[in-house]
Amino acid sequence: MQLDETQFETFVFGVGIGIGACVLAMAAVVRPSKASATQRAAKEPLLKTAVHREPLLSTEERLVARLSSQFNLSTDTLVRIQRQIIVDMKRGLAVDNGAIKMLPTHVTHRPKGTERGSYLALDLGGTNFRVCEVTFDGVGNASMLQKKFKIEDAVKTGDGEALFDFIAECVKIFLVENHGSQEGAKLVESRKWQLGFCFSFPVNQVSIDEGSLLVWTKGFTASNVVGVNVVKLLQDAFKRQNLNIAVSALVNDTTGTLISLAYTKPNTYAGVILGTGSNCAYVEKVANIEKLHGPREGLDEMLINMEWGGFDDAQVVIPRTKWDHALDSNTPTPGTWTFEQLISGMYLGEVVRLVCVDLAETGELFAKCKLSKEMRTIYAFDTAYMSAIESDHTHDLADTKSILEDKLHMPGSTLVDRRILRTICALVGTRSARLAACGVAAVVCKMNKLSEGCIVGMDGSLFELYPYYK
Ligand code: GLC
């Protein structure tokens with residue numbers, strides 16, 4: 001290993017968690033906003049297509065207008081949201097219980113591109129759990145081996161120790177596969193590794209390698225983890241597997257996104273995740289982090305994990321629909337992480353499903369079909385269906401028909417049904433993108449980077465795969 005500890009702490013995860021490759025490709029350059037007419041037009045095609053271009057029946061038109069008025073956010077509202085995010089960011093930097101948590105990451109500098117060595121990295125918090133081995137060559141290049149493991153709901157919501165045992169077993173499988181074939185499992189156990197743990201949940205971090213979980217998000221509820229140092233839980237699980245691994249750093253995925261891009265693009269000042277969950281990390285001046293405990297001498301900047309999913313939990317600035325409230329009341333912690341519910345991939349399909357069920361019950365949608373068991377099942381309408389529906393450019397919305405029939409077991413839809421469904425998807429997806437844009441705008445303004453510009457790293461399945469989202 002040729003990195004010293006500080007170098008390791010400050011950057012290994014960024015590239016290490018495997019997010020790097022995607023992020024590099026997805027860099028969004030934020031510049032002083034003189035968006036061209038073409039750029040502006042490109043932002044609006046969905047609703048125009050759905051709302052204005054189709055030959056609408058008057059009842060359909062009325063329904064679409066009603067739905068649009070509930071989901072569309074006016075420019076004034078978006079500006080108010082952006083301003084309130086900045087107000088809450090400032091408050092969160094001063095106090096521990098702000099509406100946006102603004103968690104210090106203890107990452108105090110960014111990579112130089114000269115770091116070298118091979119490290120393990122884990123990524124827990126999205127749809128899959130990933131184990132990676134990353135090798136840095138010291139001249140700005142990183143190569144990576146990775147393996148994805150599906151985490152069953154029973155593991156996410158069961159016993160905490162069992163969750164960490166599952167993680168350690170996956171690491172062992174990965175090491176045996178990549179280093180054990182000739183050497184045998186014993187050698188895997190004897191080699192000493194340094195590992196970075198990307199744990200994408202709100203953590204009260206007291207140093208780079210210690211932090212306790214504040215609250216589970218994204219459907220995880222494993223017991224006996226809240227309030228506990230997750231690095232110790234992982235380290236203990238490695239011991240139970242006889243693995244000689246030192247957990248050297250704990251980071252959030254947003255922090256990793258920022259750092260990995262900064263490895264090759266030093267002007268990167270923020271990292272945003274738009275995937276199963278949504279959140280942002282950015283570079284803050286240490287002098288502005290009033291609540292920071294411990295010595296500050298010689299420290300200029302620190303990355304802040306905002307945990308913006310908790311913005312507006314008091315529900316004062318963002319207008320919500322009855323379907324948003326219904327979704328929230330069915331989460332493990334109602335009334336919390338409501339901004340994330342309006343934005344992230346875990347929830348968008350469920351909002352669409354709730355609207356559909358409601359309209360079917362009033363006879364305004366799917367009047368000739370029977371609501372299937374799937375359509376009545378919570379979270380059964382995958383956000384990936386929305387992507388496919390919004391990408392459906394066939395004249396009779398045949399792809400949408402296939403999703404309704406094959407995935408949701410709803411035969412018999414009319415073209416009008418399918419057009420309305422596509423409009424609902426467009427409304428919910430566009431609202432998400434606009435709210436995420438408010439967050440990015442707020443962060444860039446807070447950093448005073450609006451005139452000089454900066455790079456914001458973006459990653460996550462929603463950003464990568466959802467049509468028109470960018
Ligand atoms: C959730 C988590 C946050 C994470 C985000 C994206 O909001 O609380 O820590 O960064 O999802 O994965």
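Each ligand, and each atom within it, is numbered from 1 in the order the structure gives. Here the structure is a predicted model, which means the values were calculated and not measured.
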Any heavy atom of [X] closer to ligand 1 than 4.0 angstrom?
X    : value
W337 : yes
G125 : no
S278 : yes

Provide, to 0.1 Å, the distance between [atom] and the closest protein heavy atom, together with that atom's residue and name.
atom                    : result
atom 12 (O) of ligand 1 : D253 OD2, 2.6 Å
atom 11 (O) of ligand 1 : K218 NZ, 3.0 Å
atom 9 (O) of ligand 1  : E307 OE2, 2.6 Å

Looking at ligand 1, does any of its N/O atoms fall within less than 3.5 Å of an N/O of [X]?
X    : answer
T254 : no
G277 : no
N305 : no

I need the minimum non-hydrogen distance between N267 and C454, along with the two atoms involved.
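Closest approach of N267 to C454, heavy atoms only: ND2-CA, 3.6 Å.
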
Nearest heavy-atom pair of V230 and V225: which atoms, and what distance?
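Smallest interatomic distance, heavy atoms only, reads CG1-CG1, 3.9 Å.
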
Applying side chain to side chain contact (heavy atoms under 4.5 Å, CB included), name anything that partners E152, two or more places apart in sequence or on another chain.
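E152 satisfies side chain to side chain contact (heavy atoms under 4.5 Å, CB included) with K150, V155 once adjacent residues are dropped.
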
Going by the order shown, which atoms of ligand 1 are within less than 4.0 Å of some heavy atom of N279?
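Those qualifying, in numeric order: 3 (C), 4 (C), 5 (C), 9 (O), 10 (O).
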
Going by the angle between their ring planes, with limits at 30° and 60°, are Y469 and Y466 parallel, tilted or perpendicular?
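Correct class here is perpendicular.
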
Measure up the F166 and F129 rings against each other and bin them: parallel (under 30°), tilted (30 to 60°), perpendicular (over 60°).
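Ring orientation of F166 relative to F129: tilted.
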
Between atom OG1 of T321 and atom CZ of F71, what is the distance when rounded to the nearest 0.5 Å?
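T321 OG1 to F71 CZ: 4.0 Å, rounded to 0.5 Å.
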
If you round to the nearest 0.5 Å, how far is CD of E169 from CD1 of I173?
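Answer rounded to 0.5 Å: 7.0 Å.
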
